[in-house]
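Structure first, commentary second.
It should be emphasised that the depicted structure is a prediction, and the values quoted were computed from it without experimental measurement. In the text below, chain A, chain B and the rest are named by the order of the sequence lines, each starting its count at 1.
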Amino acid sequence: MPKYILTIGLEVHAQLTTRSKMFCGCPVEFGAEPNTLTCPTCLGLPGALPVLNEGAIEKTILTGMMLGCTTPPVVKWDRKNYFYPDMPKNYQITQFDLPLCLGGGVPLYDLAYPKDAQKTIANPGKVVKLTRIHLEEDVAKSTHHDKFTTIDFNRAGTPLMEIVSDPDIDSAEEAVAYLNSLRQILIYGGVSDADMEKGQMRADVNISVRPEGQKELGVKIELKNINSMSAIRRAIKAETERQIDVLEGRNPEKLVQSTRRWDDDAGVTTKMRDKEDSHDYRYFPDPDLIPLRTESLVTRIRPLVPELPHEKRARFESDYGCSAYDADVLASEKELAAYYEAAVAVNTQVPAKKLANWVINDLLGLLKDTEGGINACPVKPEALSELVAVVEAGKISNNQAKEVFAEMFANGGSASNIIKAKGFEQVSDTGALEAIVDQIIASNPEKVAEVKGGNEKAMNWFTGQAMKASQGKANPKIVTEIVRKKVLG
Amino acid sequence: MSLAASTISALRQRLASKEITPRDIVTDVAKAIEAQNATIGAYLSWDVEKALAEADKADLSQPLGGIPIGIKDNINVTGEPCTCGSKMLAENYKAPYDAGAITKLRGAGAVPFGRLNMDEFAMGSSTENSALGVTRNPRDLDRIPGGSSGGSAAAVAGNLAIATLGSDTGGSIRQPAAFCGCVGIKPTYGRVSRYGLVAFASSLDQIGPITKTVEDAAILLNHLCGKDLRDSTSLDVNVPDFTSGLGRDIKGLRVGLPKEYFISGIHAGVSARVNDAIKKLESLGAIPVEISLPHTDVGVSTYYIIAPAEASANLARFDGVRYGHRSSDAKDLMEHYMMSREEGFGPEVKRRILLGTYVLSSGYYDAYYIKAQRARTLIRQDFEKAFENVDVIVSPTSPAPAHKFGELKEDPLAAYLEDIFTIPVNLAGLPGISIPCGTAEEGGKQLPVGLQIIGRPLDEVTLLRVADAFEKA
């Protein structure tokens, strides 16, 4: 049986976070009463005209810059003609041959792969090449009822960015990583909320399979109706198997260029249309909109490009001594990274690596069940820094620190106040500790013999006893030192 | 003289002296409509009560305060029909908003009054393509008024309106003005907002006035032009006082005579009147200069690719989903589209949608649309070059006077050629005006002849200055 090579290209539609629609002043809002956020332009009334939303153009150019695209000096908008009830004008204003962004790529982050695939990444550090990004208007939302369909034009005209990748993705897992990485960058730039479940990001998948050794790509099949990150992996797997089955004759269908619909419940793709029935969209330049010179926009937007996740990650590793994994986690969200850096900045004496551990192991664990994520975190970076500083100075034990942290998370407050209230201040006064240890040694000669006999573990017994005698307030480090000194002499 | 037969400038004086009120004017115009519209057919609808209410509230301190203006039925006025002369919009569409031009007019105190007949969706040059009624030329009721703004011109010529608005895509203001013996100006593309003008061909459409005098055209233009943020193609340029050139002489102005426009095949009477007009301009001190517009011959064919291409998309929105005619017999979505549009559109509209769809189709786009755009550039460059040597260009507005009903109905190609002198002006985005220059005999009748004057981009002032000097001489 020959091996097969899978080739995938993605067309991602991302809704931009603009206040108003692409070609009119209507607000972009979700959940409003149907057909209340409309005007003559987005309803396609006779005589209404489109006007470009500059904010949407800026966000698209910013996206292009984040992804290393170039912006042509002149861009324009075109009409894509086809009839459908969700399309008010029966043409969509989009960009055909002079889009806002060309080229570029999406770097894939390890943590962006599905969890079970993170250990077996085929091409670590891969950058998936992009073809283009263009800006267009969304259509209205159709709801199909039993005997009729209703249309809500609130969504009609919402700015939509279409990000088209090259056929440069090799597996379902890589496709997931691509979408997650892209999503992370879009959120970083504040250009889109990019939530697939909310329809803010939608992906069409172009997929083809060819036997190993064959140069030219296999027959391209487009998959539509993929509505979640997990569905995309299932859809690609199912379609790949189907295509291989056809190639090997187990499935009597033929592979022809076509569009198929993913049915996530049934786990199968079904044919929507062949290439032969595909539309002739009759693109032509929209005479209602004037081509746009981009030079001044590009100059203005360039400084707005934020540090990207992979750049942040590299800096966290080199500047803060984070492990690759820790850096990945901390950089995964702009706000989380900002929180971490704020905590690091409070007191440079506190080891950044230790702070990373606290953020990842403790803070994120508690945040999981908290509404609002890191932005709503009750533990301020200053409080965390103080707590870690106290732990590092050996003033409280690790277990005590966790208790303090839990209290801080639940009710706020500074580390020192909570430590005081809980009576956690460690006894570091060596005189007092020596007295305690002396007493334990005196009453347990057999344990002393064990230690002297070479049983290191018995040493811990002494420390434990001293901790107990001090009601947990003893500084375990100092106790261990005293025990070592006194028992071994 | 009835008020309806008067001009804006004359009425403004009588309003200022409190001799008359805006209510008097609207009442008089309404009377004229009720008396004659059954014959002329210029109006499709008119709401006297609404106009009277607005007239009573008119701010007379405004430059057009209390003046009723008839509106071509493809320009949206809140609460009024906007049929575009089509069954498609005749049943259930009431405009929910004011067009940019209407906002401007209202701002100057004018009262939009009455909806004027037109070729369906402005496609035609006789108004015979209206699905909603026949409009007759007041100068000869057996003849067409021209088009597509036939109702706008007939209303002015028949004294059923003080002045009107039309729209001009390939001559639709100038040609009916010429046929009916009025003044009609198509401003520079981008001068007047297209927001609220139901689009035929977006890169060519322009709203303009049809009036009884050049002065009225200048006055109206003063209150139509200016940047509208809702129309990206409207120009953000200074709006001059368009009356500023009126009453000035035209000594030394260079008047271009394109040799390609003075050709055989032009109606003898038209030719004679235009030659008389040129002599008159010369006698006023203007200097005639022969010029060449070498790409004139491709104007009509270029237009009949670009305009239908844009129209095929512009008219796609008329699908009976949100508004407009909806077939009651459709069994599924495809039938809904096909039958609603089949029933709603007339033959000329269908012809142009098909033509436009064809030239944009994959495999034909380069051969037709792209080539036409190149030709358009050449035509524009012809004018640019010509205007290096002349201040205005004159020509007949139309090669012949108004024809009888039905004469060109079976021969769309011949009808298309009627626009040979007006189309290049739209393709080049230039301002053009048609003014009466006498009459020509045809079928025993004296029919109006129009003189077209074409100006440099944004130079309506010079255009109006020449037109005014000619009119007054």
Against chain A, label [X] side chain, backbone, both or neither, depending on which of its atoms sit under 4.5 Å from a heavy atom there.
| X | answer |
| --- | --- |
| N76(B) | side chain |
| Y365(B) | side chain |
| Y364(B) | neither |
| A99(B) | neither |
| T357(B) | both |
| A201(B) | neither |
| L229(B) | backbone |

Taking side chain to side chain donor-acceptor pair (under 3.5 Å) as the cut-off, I'd like each qualifying pair that reaches into residues 36-46 of chain A, sequence neighbours left out, listed once.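 Non-adjacent pairs meeting side chain to side chain donor-acceptor pair (under 3.5 Å): zero.
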Below 4.5 Å, heavy-atom pairs only: which of G100(B), G363(B), G196(B), A95(B) has the largest tally toward chain A?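 Looking at each of G100(B), G363(B), G196(B), A95(B) in turn, G196(B) comes out on top.
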In terms of heavy-atom pairs under 4.5 Å, which option from S193(B), A199(B), S361(B) contacts chain A the most?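 Highest number of heavy-atom pairs under 4.5 Å: S361(B).
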The criterion is salt bridge (charged side-chain N to carboxylate O under 4.0 Å, His left out); which residues satisfy it with D319(B), sequence neighbours excluded?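 Scan of D319(B) (salt bridge (charged side-chain N to carboxylate O under 4.0 Å, His left out), adjacent residues dropped) gives R322(B).
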Might you work through the side-chain contact (heavy atoms from CB on, under 4.5 Å) test for Y93(B) and L45(A), ending with a clear yes or no? CA-CA 10 Å; Y93(B) 182 74; L45(A) 294 190; 4.3 Å; yes
Between [X] and [Y], which heavy-atom pair has the shortest distance, and what is it?
| X | Y | value |
| --- | --- | --- |
| E310(B) | R79(A) | O-NH1, 3.7 Å |
| A316(B) | N90(A) | O-ND2, 2.8 Å |
| I290(A) | S232(B) | CD1-O, 3.0 Å |
| P287(A) | Y189(B) | O-OH, 4.3 Å |

Flag yes if more than 12 heavy atoms outside [X] fall under 6.0 Å of its [atom1] atom; otherwise flag no.
| X | atom1 | answer |
| --- | --- | --- |
| K371(B) | NZ | no |
| K227(B) | NZ | yes |
| R293(A) | CZ | no |
| R380(B) | CZ | yes |

Quick check, are the ring centers of F284(A) and Y369(B) under 6.0 angstrom apart?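 Ring-ring flag for F284(A)/Y369(B): true, centres closer than 6.0 Å.
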Counting heavy-atom pairs under 4.5 Å with chain B, which one of D280(A), L43(A), L52(A) comes out on top?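 Looking at each of D280(A), L43(A), L52(A) in turn, D280(A) comes out on top.
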Is the shortest side-chain heavy-atom distance between [X] and [Y] below 4.5 Å?
| X | Y | value |
| --- | --- | --- |
| P85(A) | L333(B) | yes |
| N314(B) | Y91(A) | yes |
| F83(A) | R317(B) | no |
| L49(A) | R194(B) | yes |
| S362(B) | Y281(A) | no |

Considering heavy atoms only, which positions within residues 141-155 of chain A lie below 4.5 Å of chain B?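 I151(A), F153(A), listed by number.
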Looking at [X] and [Y], would you say the former's side chain and the latter's main chain have a donor-acceptor pair under 3.5 Å?
| X | Y | answer |
| --- | --- | --- |
| Y97(B) | A48(A) | yes |
| Y337(B) | Y84(A) | yes |
| S202(B) | D286(A) | no |

Separation of S203(B) OG from D288(A) CG (nearest 0.5 Å):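 That separation rounds to 9.5 Å.
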Which residues pass the side-chain hydrogen bond (donor to acceptor under 3.5 Å, both in side chains) test with W262(A), sequence neighbours left out?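 Scan of W262(A) (side-chain hydrogen bond (donor to acceptor under 3.5 Å, both in side chains), adjacent residues dropped) gives D264(A).
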